[in-house]
Amino acid sequence: MAHKITLLPGDGIGPEVATATVRILEATGVKFEWEKFEVGAEAFLKYKEYVPKDVYESIERNRVGLKGPVTTPIGGGFASINVSLRKKYELFANFRPIKNLPGIPTRYPGVDLIIVRENTEGEYVGIEHEVVPGVVESIKIITEKGSTRVSKFAFQYARDFKRKTIHAIHKANIMKMSDGLFLACARKVSKDYPEITYAENIIDATCMQLVMNPYQYDVLLMENLYGDIVSDLCAAFVGGLGLVPGANLGHECAIFEAVHGSAPDIAGKNVANPTALLQSGVLMLHHIKEHEAAEKVQNALEFVYRKKKDKLTRDIGGPASTNEFADAVIEALADPQSQAPYVEPTEKVAASS
Ligand code: NAI
């Protein structure tokens, strides 16, 4: 039976990386029935709605989505479609694994970090108003419910996948009540997971520590805004935004999307790297219990990075287009060599503290 998936290619580079990803996922032999929709500014031009109601119906029916990036206007205009979907479907845990791919030289080899970002609260509730001319108030909401459920997700993930340490990242020295509540919830949840070391770090110092030595962290748990910023910082450890996948997870639905945005600077040029969305697709394959196909795609992808340098996209120094890269991954899927076990030699850089 085909898996019914809601497909939101998005805009900017979204349609390019979504087309490449769908082609590769279909080449695994897994059967999909994609329910494809436009959202955002393009949808508004056609349907006078940023998220047409068919989209909601499809997500509610299928409970699994694959989504490309959607442009959000700066300093005005409509509210972020991404944030709205995450809030509407209570996709409270934004899961972002940061791991090197083989064959991409980076300053930090062997990084293996998990970011768990609270996805529905914080500053991203978007409650802002002008108090008097020249004074604007922006409200940050942190709740016990939101902080507890995302903490439970992080600790359960750590237990299930044998991760050792969780750092809750905060600014509770300044935001004593809001970040203080987030920390109190994380601390309370940590008591149910005695085998996992729990620690707390202030966000600004964490950014410095990450750049000094990312190996000192394992799972990073944080509220929405910090998670957004730290994700991009950590993407740089492994080769940039073209590579890092993500999943928005709730109790009822899951929407898989890359960390990156719509990249207007390279949109429409067939040069975007589809790896980030493809690896989000791999997370989706695991979610729908197509584990074998997930591993095949991951192996084929890594094979291309190791062996087919002329097929890599330009963000990581290659000459190939989005489509040529996708073709190479599809070719690798059919090549038994790509599925042979391979262990990347890793040598962590010596770093202080
Ligand atoms: P961005 O992530 O779109 O781009 C940052 C830089 O990374 C650019 O130089 C871009 O070319 C590069 N880049 C990103 N993805 C790449 C890929 N797959 N391959 C090669 N290079 C890639 O961030 P930016 O410019 O801040 O945001 C652009 C728009 O995207 C904004 O409207 C923003 O709101 C939106 N956005 C949407 C997200 C989503 O839909 N989930 C997430 C983040 C931003």
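All ligand and atom numbering here is 1-based and tracks the order in the structure.
The ring pair (Phe, Tyr, Trp, His ring centres under 6.0 Å) test applied to Phe256 returns His287, not counting sequence neighbours. Residues passing the salt bridge (Lys or Arg N to Asp or Glu O under 4.0 Å) test with Glu290: none are found, sequence neighbours excluded.
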Give every pair formed by an N or O atom of ligand 1 and a protein N or O atom closer than 3.5 Å, one pair per line with both atom names and the distance to 0.1 Å, or write none.
| unit_1 | atom_1 | unit_2 | atom_2 | d |
| --- | --- | --- | --- | --- |
| ligand 1 | 2 (O) | Gly261 | N | 2.7 |
| ligand 1 | 3 (O) | Gly261 | N | 3.4 |
| ligand 1 | 3 (O) | Gly261 | O | 3.4 |
| ligand 1 | 3 (O) | Ser262 | N | 3.2 |
| ligand 1 | 3 (O) | Ala263 | N | 2.7 |
| ligand 1 | 9 (O) | Asp265 | OD2 | 2.8 |
| ligand 1 | 11 (O) | Asp265 | OD1 | 2.9 |
| ligand 1 | 11 (O) | Asp265 | OD2 | 3.0 |
| ligand 1 | 18 (N) | His260 | NE2 | 3.4 |
| ligand 1 | 18 (N) | Asn273 | O | 2.9 |
| ligand 1 | 19 (N) | Asn273 | N | 2.9 |
| ligand 1 | 30 (O) | Ser262 | N | 2.9 |
| ligand 1 | 30 (O) | Ser262 | OG | 3.2 |
| ligand 1 | 32 (O) | Thr72 | N | 2.9 |
| ligand 1 | 32 (O) | Thr72 | O | 3.2 |
| ligand 1 | 40 (O) | Lys67 | NZ | 3.3 |
| ligand 1 | 40 (O) | Val70 | N | 2.8 |
| ligand 1 | 40 (O) | Asn82 | OD1 | 2.9 |
| ligand 1 | 40 (O) | Asn82 | ND2 | 3.0 |
| ligand 1 | 41 (N) | Glu257 | OE1 | 3.1 |

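Remark: aromatic rings of Phe44 and Phe78 are distant, center separation not under 6.0 Å. Between Phe92 and His251, the ring centre distance stays below 6.0 Å.
Of the possible donor and acceptor atoms, one in the side chain of Asp11 sits under 3.5 Å from a partner among the backbone N and O of Thr71.
Judged as a salt bridge (Lys or Arg N to Asp or Glu O under 4.0 Å), the pairs with a partner in residues 137-161 (not counting sequence neighbours) are, in order, Glu90-Lys145, Glu90-Arg149, Glu123-Lys140, Lys140-Asp179, Lys140-Glu223, Arg159-Glu195.
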